[in-house]
Amino acid sequence: MGVPQPTTGVAPDAGRQQEQRVNDFAIVVATANGTGSQTSNLTILRALFKMGIPVNGKNIFPSNIQGLPTWYHIRVSKDGYVARRETSEVLVAFNQATVNQDVQELPSGGICLYNDDWRSMPERDDIVMYGIPVNEFLREVGARGKFRDRFTNMIYVGALAQLIGIELEAIEEALNYHFGGRQKIVEPNMEVIQLAYDWAAENLEKRDPFRVERMDETEGLFLITGNEAAALGAIFGGMTLTAWYPITPSTSVVDALTAHLPALRNDEEGNPTYVVVQAEDELAAIGMVVGAGWAGARAMTATSGPGISLMAEFAGLAYFAEIPAVIWDIQRVGPSTGLPTRTSQGDVTFAYHLGHGDTKNILLFPANPKECFEFGGTAFDLAEELQTLVLVLSDLDLGMNNWMTEPFDYPEEPLKRGKVLSADQVDRNWGRYKDVDGTGVGYRTLPGNEHPLSAYFTRGTGHDERAVYSEDPDKWVDNMARILRKFETARQIVPGPVVDEAGAAIGIIAYGTTEPAIEEARDRLAAEGVKTDFMRLRALPINDEVRNFVERHDRTYVVEMNRDGQMHGILQLEMPDIATKLLSLAYLDGMPLAARWIAESLHAMEKEITG
Amino acid sequence: MGVPQPTTGVAPDAGRQQEQRVNDFAIVVATANGTGSQTSNLTILRALFKMGIPVNGKNIFPSNIQGLPTWYHIRVSKDGYVARRETSEVLVAFNQATVNQDVQELPSGGICLYNDDWRSMPERDDIVMYGIPVNEFLREVGARGKFRDRFTNMIYVGALAQLIGIELEAIEEALNYHFGGRQKIVEPNMEVIQLAYDWAAENLEKRDPFRVERMDETEGLFLITGNEAAALGAIFGGMTLTAWYPITPSTSVVDALTAHLPALRNDEEGNPTYVVVQAEDELAAIGMVVGAGWAGARAMTATSGPGISLMAEFAGLAYFAEIPAVIWDIQRVGPSTGLPTRTSQGDVTFAYHLGHGDTKNILLFPANPKECFEFGGTAFDLAEELQTLVLVLSDLDLGMNNWMTEPFDYPEEPLKRGKVLSADQVDRNWGRYKDVDGTGVGYRTLPGNEHPLSAYFTRGTGHDERAVYSEDPDKWVDNMARILRKFETARQIVPGPVVDEAGAAIGIIAYGTTEPAIEEARDRLAAEGVKTDFMRLRALPINDEVRNFVERHDRTYVVEMNRDGQMHGILQLEMPDIATKLLSLAYLDGMPLAARWIAESLHAMEKEITG
Amino acid sequence: MSSRTRDRTNEIGLEFTDYKGQPTTLCQGCGHNSISNQIVQIAFELNVRPHEIIKLSGIGCSSKSPAYFLGMSHGFNALHGRMPSVGTGALLANHHLKAMGVSGDGDTGSIGMGQFKHICRRNLRMVYIVENNGVYGLTKGQFSATADEGLELKYAGYNEFPPIDLCQEAIVAGCGFVARSFSGDPTQVRELMKAALSHGGTAVLDIISPCVAFNNVDHSTKSYTYGKKHEVPLHDIGYVPKREEIMIDEYGPGEARSVELHDGSHIILRKLESDYDPTDRLGALARLEEALETRELVTGLIYFNDERPSLAEAAGLKDSLPALAHLPDEKLRPSRKKLDEVMARFL
Amino acid sequence: MSSRTRDRTNEIGLEFTDYKGQPTTLCQGCGHNSISNQIVQIAFELNVRPHEIIKLSGIGCSSKSPAYFLGMSHGFNALHGRMPSVGTGALLANHHLKAMGVSGDGDTGSIGMGQFKHICRRNLRMVYIVENNGVYGLTKGQFSATADEGLELKYAGYNEFPPIDLCQEAIVAGCGFVARSFSGDPTQVRELMKAALSHGGTAVLDIISPCVAFNNVDHSTKSYTYGKKHEVPLHDIGYVPKREEIMIDEYGPGEARSVELHDGSHIILRKLESDYDPTDRLGALARLEEALETRELVTGLIYFNDERPSLAEAAGLKDSLPALAHLPDEKLRPSRKKLDEVMARFL
Ligand SMILES: Cc1ncc(C[n+]2csc(CCOP(=O)(O)OP(=O)(O)O)c2C)c(N)n1
Ligand SMILES: Cc1ncc(C[n+]2csc(CCOP(=O)(O)OP(=O)(O)O)c2C)c(N)n1
Ligand code: SF4
Ligand code: SF4
Ligand SMILES: [Mg+2]
Ligand SMILES: [Mg+2]
């Protein structure tokens, strides 16, 4: 099927540039890694946000600590679109190593702020160039050593602010936020910014249409990364043990845990009600989680692709011995080490079947920080209720970038600790793996239970209802059938899909962070006369709603960021009789999907089908 | 769908017992593990085989070294059926711990040889009991210590031989084979056997219809386990490195390698042309294989479920960095440690996608020792031609049990070493990952290549056609698309399906060791008026033949030994438009599938469908 | 043990048989069975409350054995080589539990080497028994990494590689209680086990435990015959429970040394080898090195040092605090106010 | 190195730049870069034929570095912690290759501990460099298992655990060439590397290589300042290639000791610390132990013993035999007759 490839470099909407473009364009800042430009970029992002303008920032960074090119994309969208734009009209070209390519990728009519000290610059007469004498500034502020880099980055903040109209107060607020109000740091930075701002006012003649203006669209919202939201969710969801091994892009989940836990979860006397262990590798990390889950903790780990591969054996144990465990998989591009700093939805199939033998795991798919927060607790609830492994599949884009979010809802429901018998509830009839209510879930006891009959021996080998070792064929079958029953139970209690439907003939199904791009694509398609309904999955296994949705539509496109259309395949297997109603729109190049690609691909396929 | 469960204990064909049953029944020998009964049982098996009667032996043993119950099933079938029978008419009850259950499971009309020294025996009046005074014998031959166990086991050989008519010469031949002709061991054993044989002639009055008679059906065949055949196949297939870690039921692959290699593969001076390394675990084993494959060896490992889980990360590396590697997965029952001594086909889905991210591996499915031998070399050919990981999915039943086989064909084709450039073939245009011919497969060079441009840097991270590190989105997409192209190439060169077709409306698709049971089931079904065609897959990915087969039939049943119908799912995804023509018949209890279950299940489903 | 022991009840009213597990399914004569029996006995003697113990293991014949003792304690037969991580999780989830872990030389020295080293380094409080037989029993007798260099066995063949010394490994990794014993010396095994249970961190017991099925040839250092002939105990060992402290004085000074353990009990070491000092790390390494060369089976408490905090202590889990696993909801979920405060900081 | 070196060609006609790799992408000032440079230089000086070398690594900043040297040699940047197994396979497939392996302290001491120990035990012939900085550089500065106990770093926080000493670990595991050096001492690094390349088994070089981004505070034993101040070389080291054997006599006896290496070259150790004997295993362990306590950075050839055969030798892969990877089909497939014979045995 002829899925068009994303084009890079050419602006689809070049041409209609000369009207004013207020709050509706994208900025890209090109710098080198490790120069501290993150601070400047986040400052711009936050300042825009403080001006009430919907924004989204995406950091496209290399797998490196210092020196390689990095790009920060800021989308400014009065309409509230937060998906990635493939083209940015405003370029801050502060990395000489990539300036040629960066300038080339500007759409016609775009603008370029650059360091005027460079000997040569690529030439284009269809864009507007604004040179900034960086060295002069640095001399002026007397910056030396590592401060040179930092101040250089503040220079473009000031100049850009002047050029496109970012308010200095908003910038100061943003800096204050970033440096936790430490004026000693804020002030010198503001000084540089002010200098550049003033200089630009005097020396740069505005020759382009791109401007921002205060709006009122971010009131009550805040900016947060998915990983920090996930950490907060776990903290409010009763996490008691986190065992982990560093790996990009999951590391910041644990960084956020460590940062927030003491204030939020030390008890009155300052004692921790949690423990965070940096393990020696992922096998040990998941081993600790499984050990802790067995002993009654709410235990989790956070990892990414290679870690998921290494956790396969323990995943199977958790599945089969029925031990609550939670893995946050912040997906990056695989197979193998792949692109460690790029985003994907490539672990779906593998995670779903993680572990040899017949295995089916519960997966959750948060799409935004609010869901990261929510699923932080939901994952534990499900793991303990279903006594099994739950994998939360987030991704680098959601996890490491800042997203606008509504305030998180305080979890009203009590923690769902599942079927655990206390000492006074144990009796002779109890059997660890007995299905007493048709859900497939048995009662467990925890180590430390004082009842003399409460002990049982947990194992990854065959066992009967009372957890006694057994190689009996029928017992094996019964046990595995019961475990499968839990999966059916799960269908009813995992978070259901979110639907936006208005009787269109065409459906779209997606999950996770493709949502904003899909919403934008749907608007585009609608404008072109192609109406679509949208269902966003939030978990596997699915419930009947999904099938009904597919049935109701002539065709349903499954949009996802991987090569093989993994969810598409899983859904086809769930409804083989209508499998051909499901069409795959799958693409993975490490960048978050863009609305253009979705709209054009879907449109192209529609044309092929409807002739 | 109402798949009937196998029944245990009740003979489906009880009743029609009183005619003579010549060469058409099954024997089960119940003993304790670690008593040496394997020798006796193999002797019976081989003796029957030497008498020209088609046989198959299946060892149902515990995960234990000594003392737990074990059963050896021997099927004697004039019609050449070698699948497992659920019921055995002839019971050798030599394990007091299980005698009650064993006797209970005898079909009406069955016979039981037992140790007459036991105080109590279960009573049944519909079977024939033959008691043997074991202690008396042991006293007579003066057996002491461990010899008691061994001789006890020879006693039932002699008595059984007398009762059902196994020729003593055949037994002696079998013993000679077993002990490599060492008369010192053969003789005392024969003595015991003779004693029991004679005693039985005098003391046991034959009151049952079960008899064997010489035939001429095994001429030119021999008995061998799948694992030994696999090892020979690897040896004749040019294996140069095996790295492994012990795990049942794969261990005997390496045992056989170690046994045969010196004679077969030491060179004229006695130097090895291979190396076998016992690694510290499975991660190291597969790491060695990948390192060796990279450097140009034909490298393999043998493992089972838990090992497959542990090899996931390296599998992804081999897939993505395109390194030839071969894994023999002798499947046992998972998930987790599961039933380590029972058979399954439960790793199909997991192995197919082994490794996080978008991964699709090549799988081979040998069904018999001859194919194990053949695939021993084919796996290397494919791995080197396609520069990727190849997993051979055998199972415990095939791997550890003795099967009759035709002689192996000497491999006529030269080794297919794939695209490797020597020093004089390298030039500036060469790029490790360039697709020069549309197959997706690039040329590689090996370390040690003297050409100054031959070196490249292998990595699991993103790279361009020349193996240079790259995070470029388009390069990622191109590279992954090319790797997928290799999978399409694979469809044409992996072993195709084997078809037995005669225009039936109903098709059966299966793979691996379910074949004999399916053939028997088809005969049964045909006798009941249900005609079927049969296609046995030998590899994934499939080629067009499979789709055509499914298209040609009204319905096709996919028969397999796992819970979730794994192959059924994979096939449905290959042909979503006709997915519902594929029906799943999947069952896993650790025992090899039996024809009865297949026939009855299929029949039941047919009835449901056709009403 | 006298038959009387078997009949009476101990101070918490449990009978000897209450400490038993399922009947063993290991081979007759397997060293592992003897070790299981000693565990049953010391648990009885020490008046252990079964629910305060967890049993842990990896995979192997040795790792099966927790099914054969302390049937009233929770147990977890984990994955091959992964007992340490599972134990870490369990004991952090509930730091009041004591863990009796049983592993094998394959489970610990091969696939489990990394986790073994790191549990020692973190000083997780658990008894870590290695039932060391130099082979992989359960997979039928391949050499493990502790097998003698140059050993030839019927099934395993010839061993090219030098043995790993698990006691040295434990010491180098920072373990503070490292002992070696021999399953054929049940008295010593018991006293060491008792002391190990009283230790405040990881206590490694490397117990030579012959595999009668696959490694019992007389010249193998892991065989019964060899052990019986070549055992060199460094000291006589006596364990004195806390409540019997008073007895310590009965041990004459000079030749005996008393070491106080974490829970206030003592271990009394009556020197047999005159200049052996179990608190000298280098001395311990040296003695092991020597034994490796002379092929002696030195047994006893080889190294002792209780200065480092246990992992739970380092994590702030004080003895006075309830187990993480048993915290009530109020402790697990911060207040609504706290959430508002956190979110306010993002605005 | 003089600028002249850079211009001229060596004895096999290669220029200095022929030994370079891609430009580094590591941080400016990273110790790893300095080590890469020394590799380039010794390869040039030793007239190394690039195709006879393979470069191996795991994952980390350190493990990236093989891309930055010997661009004309095949390289394999494997998986995190798995360089040893990949190296084992590659070097058995082609036992004529020499391997230059670069790992990190995280790669070796944490996730890779098991494989590291077992490669030492098997004595795989390779140079195993650990670029040891006490942190996980590439994941932005978490503590590794070699970080100082009690160290406090901006990102990583406070380290509760004692450091693992990779030299001790190597020695205990049976490694016969164990050295420690400091990336700030390039001369010593070079001589040790040369000797390591000549060694007949696993040669472990634990090189303290400061991470300027995440662990360069002055009191950290892995920082430049600390290393510069506290380096204690055990001896002056001189490497003498085989063909220059004659020169050995120039080194006066007495204070200098010459050790012959596997390939006939020599390493000359001129003692600085009077009674240090690198062939004394226990002495080596003791000196490391002492250094740990005094927080000295002892450097030099800490332990040497070349008595054990390499893995390839133990596997029967003699130097005179062709590499397994290059065997012709005739050697790889036994004859038809042999197959018939084997099958006949089953009849
Ligand atoms: C991941 C994995 N690999 C391999 C095995 C097979 N296996 C079971 S026990 C065992 C070795 C046990 O040896 P050891 O720990 O020394 O215990 P022993 O049986 O000698 O007491 C192995 C390799 C397994 N269960 N899991
Ligand atoms: C299986 C796996 N887990 C985690 C990671 C993430 N990771 C990359 S490098 C690294 C640590 C590197 O530390 P070290 O070996 O000390 O090298 P350094 O960067 O300090 O030189 C980690 C944890 C990975 N790539 N693979
Ligand atoms: S095989 Fe060896 S280790 Fe296993 S139970 Fe038997 S004697 Fe013990
Ligand atoms: S982060 Fe540290 S280890 Fe990595 S390149 Fe930079 S200085 Fe070197
Ligand atoms: Mg063992
Ligand atoms: Mg490091």
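Quick caveat: nothing in here was measured; it's all calculated off a predicted structure. Protein chains get the first letters and strands the later ones, always in sequence-line order, with residue 1 at the start of each.
To the nearest 0.5 Å, atoms OG (A:Ser304) and NE2 (B:His356) are separated by 7.0 Å. Atom CG in B:Asp478 sits 10.5 Å away from atom CG in A:Asp589 (nearest 0.5 Å). Here the straight-line distance linking atom CE of A:Met311 with atom CG of B:Leu310 works out to 13.0 Å at 0.5 Å rounding.
No other option in A:Asn562, A:Leu68, A:Ile60, A:Ile483 has as many heavy-atom pairs under 4.5 Å with chain B as A:Asn562.
When side chains are defined from C-beta on, A:Leu484 counts as touching B:Asp564, because their heavy atoms get closer than 4.5 Å. By the 4.5 Å heavy-atom criterion applied to side chains, A:Tyr587 and B:Val477 are counted as neighbours. At a threshold of 4.5 Å between non-hydrogen side-chain atoms, the residues B:Pro335 and A:Met480 count as touching. Proximity of B:Thr359 to A:Phe350: side-chain heavy atoms (C-beta onward) are nowhere separated by under 4.5 Å. Between B:Ile308 and A:Glu313 there is no side-chain heavy-atom pair separated by less than 4.5 Å. Using a 4.5 Å cut-off on side-chain heavy atoms (C-beta onward), B:Leu573 and A:Gln572 make contact. Side-chain atoms of B:Leu588 and A:Asp358, non-hydrogen and from C-beta on, do get closer than 4.5 Å to each other.
Within the 4.5 angstrom heavy-atom criterion, no atom of B:Phe487 approaches chain A. If you measure heavy-atom distances from A:Tyr469 to chain B, the contacts under 4.5 Å come from the side chain alone. In this structure, chain B has a heavy atom under 4.5 Å from the side chain of A:Thr341, while its backbone stays farther away. Looking at B:Arg563, the atoms closer than 4.5 Å to chain A (heavy atoms on both sides) sit in the backbone and in the side chain alike. Using a 4.5 Å cut-off between heavy atoms, A:Glu471 contacts chain B through both its backbone and its side chain.
Nearest heavy-atom pair across A:Phe320 and B:Ser336 is CB-CB, 4.1 Å.
Side-chain contact check for A:Thr349 and B:His353: no donor-acceptor pair (N or O, by modelled atom type) lies under 3.5 Å.
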